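This report refers to the structure that appears directly beneath it.
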Amino acid sequence: MYVRSLLISISLMLGAVAAGAGENPPLQPARAAWVDAARVTAAESEPGSWLVHGRTWSEQRFSPLDQIDRSNVQELGLAWAYMTGTLRGLEATPLAVDGVLYLTGSWSVVYALDAGTGRELWRYDPQVPRRIGRRACCDVVNRGVALWKGRVYLATLDGRLVALDAATGKLAWEVMTVDPEADYTITGAPRIVKGRVIIGNSGGEYGVRGYFGAYDAATGERLWRFYTVPASTTGPFEHEELALAATTWSPDSLWETGLGGTVWDAMAYDPELDLLYVGVGNSSPYDRVLRSPGGGDNLFLASILAVKPETGRLVWHYQTTPGEQWDYTATQPMILAELEIAGRERKVLMQAPKNGFFYLLDRATGELLSAEKIGYASWATHVDMQTGRPVEREEASWSKEPRWVAPGPPGVHNWHPMSYSPRTGLVYVPTLDNAWLYTPLPGFRHQPGDFNTAEDFHALGRFVKYYIPWCSPSHLTAWDPVRAKPVWRVEFDHPANGGVLSTAGDLVFQGNGNTRFAAYDAETGEKLWESPVGIGILAPPISYAVDGVQHIAVLAGIGGTPSLNRVAVPYLNEGRLLVYKLGGSAPLPPVKPRPAGVVDAPPLPASPETLERGEVLYSTRCARCHGFFAVSTGFHPDLRHASRAVHENWDAIVLQGAFESKGMTGFAGLLSEDDSAAIHAYVVDRALSGPSYFDMAMDWLRERVCIPTSWMVD
Ligand code: CA
């Protein structure tokens, strides 16, 4: 610390001298955000910083700060707030270094703020073309930046890796990491290991071939790339690991879909073992019989990979869901820790992927130590500890006929970060009970620019009401990783979860779709404090210190997967960073109500056949954003309340993309004029007719007529 302060002082003096000589350099601290491997490895010596995505290499998201604790958390109040100027989802983990916060918002915008006051130091907008929004399954979100030797590293929604000067926000370099014509996006935060920026991508639902790679932090030069699925069974293979992977695929696999396996979120690094861990996502299409006729495990889908960061060579892999067919990604955050298991100290990796099991692996070897259910999971009875493989239930296979399976694509645990407290020995996991009607789509053909899951969304829409009326779909679950058992659970009456922070004050912080940010007793789960934020929260909180004062920061802004976050959003979703401290007395920023919906649809007579076709097309092409049955619960426009101007310019918007600047791309490649007219007729009919069973289901939920979790048979 002393050496770094000295260097900063010298640099400032040099700057002053240069200014005196008339060169007039910008007045800013030199060596801003000077984060390197030694500093991250020594993170415990600066508990007031949050240097990397999960605070330390181990990504435990545990803050050693203990000024705020169970005895005084009631005195927590707002220190300051910063309005991000966004209306879409916010999922970023801010980084806190040397008095500056670095965070990201919707459309990959980066903000640098004074950590003590919230004053904006700079903002960088990478100008993501709004047409890219359609490629993002789950909103135009970004989960944060990485810092390295005075630079800020960002991966943009359209696939660029960008390096910025940390002091000014000026572009140092940028490289395109994906084929811009393919349906790739990036929402994850980069990690930097040994001067290499590691980044993957998203797009598994659309039909891309997944990979992750390393880029030189100084220049942006690509150093290596690891494909998670092969391009054929016969080669040539881009790297040797694909020869192994190829033995687990049918020669008749649907290669043209890319097959997925995207690496879109989780990474961690162990500097002693020199191993980089990444999580791999699901397949496209979901239907495994269609995807790889004749079966196979389909490596490296839904796997945890351990690779050497300098070469990208694989050291071990563990596949959580062989031959996965339910969107059971293993991209969920991973935590590294040292735990005593059966009397022996083990270096473990912990992950709760979507499939509902909590996995404990020896991270040196990949050996499975335990795997127990942390939520409602009907697809498998258990994981066989001899083989390390799940024992699937036959009725979970849906290639021939529709099947209800739990969990569905939302997963028991998704990207929302979990946190491990070494003080309590517990992992705090945002969990979700949900089921899904997986329905095969006869005659599936890969279509660029569209969802390519081979799943019938229209059928899902008809039954979506079953997804809704569960009393406590989401929870904050405290899990004992040694005993592989839950210890306590806080239940919420909505499905929109938030990320988690634990602290040395024995507090657990979490916000979620209920528009409140709360602190819980880390040992018991008792709620000790909450702040009525008024805006839904998805993002994980962090803790940092300025001038010796502990702060808690969290982004508020609902979003993510719109068709899944079935929470009412009666407010204008104006994003904000909220920063709390003991005795803070700043007022919460006001929340504006969402304007009441007005129906101004012109009568549009249509035959029952046209309405039926419009409903099918709407469910397939529109519902993921605008909501099933043309009922939007949240932050995308409810089309029943579209203005007369929208109705009059329907084709220009729907086909030609007149609203592209708002993120609504033209669908001319996927919809004909007849299709557009049928969808329009359906939307108008929905606007002018009475409530659907969707509306009624929402009413049941409001009235708390719901199915208790205990109803579910495991
Ligand atoms: Ca997925």
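In this text, all values refer to a predicted model and were calculated from it rather than measured experimentally. In listed order, ligands and their atoms are each counted from 1. Keep in mind that the numbers below use all heavy atoms, side chains included, and drop hydrogens, waters and symmetry copies.
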**Prompt:** Checking Arg225 against Tyr211: charged group under 6.0 Å from the ring centre and within 45 degrees of the axis?
**Reply:** yes

**Request:** Take the Ca ion (ligand 1) as the centre and count protein N, O or S atoms at distances under 3.0 Å.
**Result:** 4

**Message:** Restricting to side-chain contact (heavy atoms from CB on, under 4.5 Å), what partner residues turn up for Leu441, sequence neighbours left out?
**Reply:** Phe444, Asp456

**Request:** Please list, chain by chain and in numerical order, all residues satisfying side-chain contact (heavy atoms from CB on, under 4.5 Å) with Pro486, sequence neighbours excluded.
**Result:** Thr477, Trp479

**Exercise: do Asn298 and Arg291 side chains pair donor with acceptor under 3.5 Å** = yes

**Message:** Test of understanding: with ring pair (Phe, Tyr, Trp, His ring centres under 6.0 Å), list the residues that count as partners of Phe451, not counting sequence neighbours.
**Reply:** Tyr206, Phe457

**Message:** I want to check a possible cation-pi pair here: Arg134 against Phe667, using under 6.0 Å from ring centre and within 45° of the ring axis as the test.
**Reply:** yes

